[in-house]
Chemist: 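Please see the structure below; I have some questions.
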Amino acid sequence: MSAVPLGMPSFPDAAREATRNPTLRRNLRHATHTIRDRRAAAVAELDDWAELRAAGAAIKDRTLRHLDTYLEQAEAAVVAAGGHVHWAADAAEANRIVTDLVRATGETEVVKVKSMATQEIGLNEALAEAGITAYETDLAELIVQLGDDRPSHILVPAIHRNRTEIRDIFRDAMGEWGIPAPDGMSDDPRELAEAARLHLREKFLRAKVGVSGANFLVAETGTLVVVESEGNGRMCLTLPETLISVVGIEKVVPTWRDLEVFLQLLPRSSTAERMNPYTSTWTGVTDGDGPRAFHLVLLDNGRTSILADEVGRQTLRCIRCSACLNVCPVYERAGGHAYGSVYPGPIGAILTPQLRGTGSAVDASLPYASTLCGACYDVCPVAIDIPEVLVHLREKVTAQRGHVIERSALRAAAWAMRDPKRYTALQRAAAAGTRALHPRRLPLPGWGKAWTDTRDLPAVPKESFRTWWQRRDTSGGTK
Amino acid sequence: MRVGLFLTCVNDTLYPRTGQATVALLERLGCDVDFPLAQTCCGQMHWNTGYGRQVEPMVRGFAETFAGYDAVVTPSGSCGAMIRDNHPRAAARSGDAALADAVAAVVPKVHELSEFLVDVLGVTDVGAYFPHRVAYHPTCHSLRLMRLGDRPTALLRNVRGLELVDLPGAEECCGFGGTFAVKNPDVSAAMGADKIRNAEAAGAEVLCAADNSCLMHLGGMLTRRQGAVRTLHLAEILAATEADPGGLTWAGVRNGARG
């Protein structure tokens, strides 16, 4: 994965800023609640949703168990259909392969289908260094690119923007990138969409090279599948002479019958649609129809090491629907940028630390960016137990250096909890100690202050339950 | 039926009144309640903060302490879920087959309070009286881990005098999340503020839940803002009766044990 953004603060610090931005809070609340409610309604229509979800998880697990077999089967099928297959161990290798392929065409610009894998490896930046301009053509990705911004959502990268902000971005930046926005454009969604259509159409018609990711790769025929809502993806996949697709190795599914399950799970989970609007499939190259050259770049970039982790490997089932983001109360208030990665929200909190490790401040804080409320697990269409993986990653973080005070305090508590006598003594000490601290604010930095900045400490009763119980027991009580 | 009360360390230390209410309620319904003094903590804070390797002695202690009861009742959805979901995992990880067997034997007997009342005792009307407007917050672990469903609200609807009001956004987390509350205090407070706003909008006098840890967070915010809503554990509402609406007989107020 590309490196941690320079100067990226830890999650709590970045989230603090977001919680104090009323426009951002309003935009996120409106957007996440709207799509959350629509998803719930779309899922409730199917009485076999639980079975579909179990099937999706089972297919992914089986595929991951035999990943080498299915990848080689897919490679052979793509080659047989006239495509070329490249294997990239990491982001640098994938970027080098794509850059070389574009250079070989003699072109200096490419049009892009919305793709998480190319975001993950920082492909646009790598191409820019080689003098190649990549134009994002997904409407939300276009907003992010024109605004010199970072995506904050997997499905809706500009979810943090409202339409007035989008109007301003289009008006100010479209001219620098191509066809400018019409004079006097309002923030009416239809006018904004029309401006984007005119701006992008010119790019589609001019571009000789398209770059995409893929939602699925069907091993039995070597067919790639892109699922999108706007039709811009289909333009990029069909008009250019050369098509390069960067695809994570976990995207493979064995057969078309397996694909059928995901084409039900994905639209309802991501956009709350019964059926996906634009589903493009292609297999190698076809004479007189679509690109004349097709390259598939299979990307590992840390996935094999995730696969080796018995608890963490379920993360690779993810189909990037983003239902977990839309339902997450922490994402709703912290926003996507706080996660310091192209993968925000609950799935990002488990995926990013596995792809990048937990060495940086933000990556070590991501497993803690959750209350473990479980809403993400409930909506996940492939049943990734995100809370379980979060706790698993927390254990990795606490095993690293640091956390001296926290580790000592918890070890002492564990020692006390091991023995009822010690526990009772600790209980008495805590009661005596905190009673003296009223009026319920703790000035010193650390957990105490973090609690009492916004909350009173609970009043500690003079008598614990167990003391009362023993007193009642000896006095005969009401028993 | 001989019932072992697993009160939880938070309730034992900070909310004895919840324990007293649970005892009064269960005895009123004919249970023989015992509070084994060997009990300490379920280990949830350690487990969820990333110190899972330290919980084995707590898991062992729980299994040994509660082995001899017909049923184990806890007035905490969160600690109940820790025992049900994670004690078997911790035992498996220890590599100690005897511990795994002991945990496997005790776990099916563990019930959160409302679960025990509705599923085991088969009652939804516990003879309670509480003439107030109450909003029920189904805490995350009660809702999504213990799957308590409508059991708590079924019990509340049968309380005489009680008006149950709808809590907007009820299923959203309150922002407590154990150490999340202090590791991510700003997001935690933002979530808590929304929950409180919803309770106020619902016109509730009392915000009720089956978990005092979440109520400690919400109650701490409410007292800081001097809000009109107060927090109360489900057990304390169910234990209140027309003859004793304040729980004077069961709370043993002699030493001022009020929580």
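Every chain is numbered from 1, with letters handed out A, B, ... down the list of sequences.
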Chemist: Side chain, backbone, both or neither: which part of A/Ser370 has an atom under 4.5 Å from a heavy atom of chain B?
Modeler: backbone
Chemist: If you apply the rule side chain to side chain contact (heavy atoms under 4.5 Å, CB included), what do you find for B/Gln54 with A/Trp415, and how did you get there?
Modeler: CA-CA 9 Å; B/Gln54 296 182 3; A/Trp415 178 79; over 6 Å; no
Chemist: Considering non-hydrogen atoms only, spot the tightest contact between A/Asp453 and B/Arg224 and give its length.
Modeler: O-NH1, 3.3 Å
Chemist: For A/His33, is it the side chain, the backbone, both, or neither that has a heavy atom closer than 4.5 Å to a heavy atom of chain B?
Modeler: side chain
Chemist: Can you find a pair of side-chain heavy atoms, one from A/Val330 and one from B/Met191, that are under 4.5 Å apart?
Modeler: yes
Chemist: Are side-chain heavy atoms of A/Tyr423 and B/Cys9 found at a separation under 4.5 Å?
Modeler: yes
Chemist: Are there over 12 heavy-atom neighbours, none belonging to B/Asp166, within less than 6.0 Å of that residue's CG?
Modeler: no
Chemist: Check each atom of A/Arg333 against the heavy atoms of chain B and say whether the ones under 4.5 Å are side chain, backbone, both or neither.
Modeler: side chain
Chemist: Minimum heavy-atom separation for B/His46 and A/Leu410, please, with both atom names.
Modeler: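 Smallest heavy-atom distance, with atoms named: NE2-O, 2.6 Å.
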Chemist: Considering only heavy atoms and a distance below 4.5 Å, find which of A/Ala399, A/Cys373, A/Ala416 pairs most often with chain B.
Modeler: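 When all of A/Ala399, A/Cys373, A/Ala416 are compared, A/Cys373 has the most.
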Chemist: Below 4.5 Å from any heavy atom of chain A, which atoms of B/Met58 appear? Answer side chain, backbone, both or neither.
Modeler: side chain
Chemist: Is it the side chain or the backbone of A/Asp419 that comes within 4.5 Å of chain B heavy atoms, both, or neither?
Modeler: backbone
Chemist: Quick one: CG on B/Leu37 to CZ on A/Arg466, what's the gap to the nearest 0.5 Å?
Modeler: 6.0 Å
Chemist: Rounded at 0.5 Å granularity, tell me how far CG in B/Asn184 sits from OH in A/Tyr368.
Modeler: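 The distance works out to 11.0 Å.
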Chemist: With side-chain hydrogen bond (donor to acceptor under 3.5 Å, both in side chains) as the test, pick out the partner of B/Tyr51 among A/Glu406, A/Glu395, A/Arg407, A/Arg411.
Modeler: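 Per the side-chain hydrogen bond (donor to acceptor under 3.5 Å, both in side chains) rule, the option paired with B/Tyr51 is A/Glu406, out of A/Glu406, A/Glu395, A/Arg407, A/Arg411.
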Chemist: What are the two closest heavy atoms between B/Gln20 and A/Phe465, and how far apart are they?
Modeler: N-CE1, 3.5 Å
Chemist: Give the C-alpha distance, both sets of side-chain angles, the deciding distance and a yes or no for side chain to side chain contact (heavy atoms under 4.5 Å, CB included) between B/Asp194 and A/Arg25.
Modeler: CA-CA 12 Å; B/Asp194 287 346; A/Arg25 289 281 297 277; 3.8 Å; yes
Chemist: Top residue by heavy-atom pair count (under 4.5 Å) with chain B, among A/Ala338, A/Ala334, A/Gly374, A/Ala18?
Modeler: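 Among the listed options, the one with the most contacts to chain B is A/Gly374.
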Chemist: Where on A/Thr454 is there a heavy atom nearer than 4.5 Å to chain B: the side chain, the backbone, both, or neither?
Modeler: both
Chemist: Let's test your reading of the structure: which of A/Gly448, A/Ala450, A/Ser10, A/Ala413 forms the most heavy-atom pairs below 4.5 Å with chain B?
Modeler: A/Ala450
Chemist: Can you tell which of B/Arg60, B/His141, B/Arg89, B/Arg225 has the highest number of heavy-atom pairs within less than 4.5 Å of chain A?
Modeler: B/Arg89
Chemist: Is it the case that the side chains of A/Asp456 and B/Thr223 hold a donor-acceptor pair, with the cut-off being a distance below 3.5 Å and no angle test?
Modeler: yes
Chemist: Roughly how far, to the nearest 0.5 Å, is CZ of A/Arg16 from CG of B/Asp186?
Modeler: 4.5 Å
Chemist: Look at the rings of A/Trp469 and B/Phe35 and say which category their plane angle falls in: under 30° parallel, 30 to 60° tilted, over 60° perpendicular.
Modeler: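 A/Trp469 and B/Phe35: tilted rings.
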Chemist: What part of B/Thr49 gets closer than 4.5 Å to chain A, counting heavy atoms only: side chain, backbone, both or neither?
Modeler: both
Chemist: Using non-hydrogen atoms and a 4.5 Å limit, figure out which bit of A/Val397 sits close to chain B: side chain, backbone, both or neither.
Modeler: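 No part of A/Val397 comes within 4.5 Å of chain B.
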Chemist: What's the shortest heavy-atom distance between A/Thr398 and B/Gly50, and which atoms?
Modeler: OG1-O, 2.6 Å
Chemist: What distance separates A/Glu463 CD from B/Arg17 CZ, expressed to the nearest 0.5 Å?
Modeler: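 These two atoms lie 13.5 Å from each other.
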Chemist: Is the shortest side-chain N to carboxylate O distance from A/Asp378 to B/Arg147 below 4.0 Å?
Modeler: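 Counted as a salt bridge, because a side-chain N and a carboxylate O are separated by less than 4.0 Å.
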Chemist: Is A/Ala369 close to chain B through its backbone or its side chain, or both, or neither, when contacts mean heavy atoms under 4.5 Å?
Modeler: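 Backbone only.
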Chemist: Can you tell me which of B/Ala190, B/Gly175, B/Ala189 forms the most heavy-atom pairs within a distance under 4.5 Å of chain A?
Modeler: B/Ala190
Chemist: Thinking salt bridges, do B/Glu171 and A/Arg36 make one under a 4.0 Å N-O criterion?
Modeler: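 A salt bridge is absent here (no side-chain N lies under 4.0 Å from a carboxylate O).
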Chemist: Could you state the interatomic distance from OG (A/Ser464) to CG (B/Leu7), rounded to the nearest 0.5 Å?
Modeler: 9.5 Å
Chemist: If you count heavy-atom pairs under 4.5 Å between each of B/Lys183, B/Arg144, B/Glu172 and chain A, which one has the most?
Modeler: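 Max contact count across the listed options: B/Arg144.
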Chemist: So for A/Glu332, is it side chain, backbone, both, or neither that comes closer than 4.5 Å to the heavy atoms of chain B?
Modeler: side chain
Chemist: Return the CG to CG distance between A/Leu372 and B/Leu145, rounded to the nearest 0.5 Å.
Modeler: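 Result: 9.0 Å between the selected atoms.
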Chemist: For B/Ser188 and A/Arg455, does a side-chain donor sit closer than 3.5 Å to a side-chain acceptor?
Modeler: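 A donor-acceptor contact under 3.5 Å links the two side chains.
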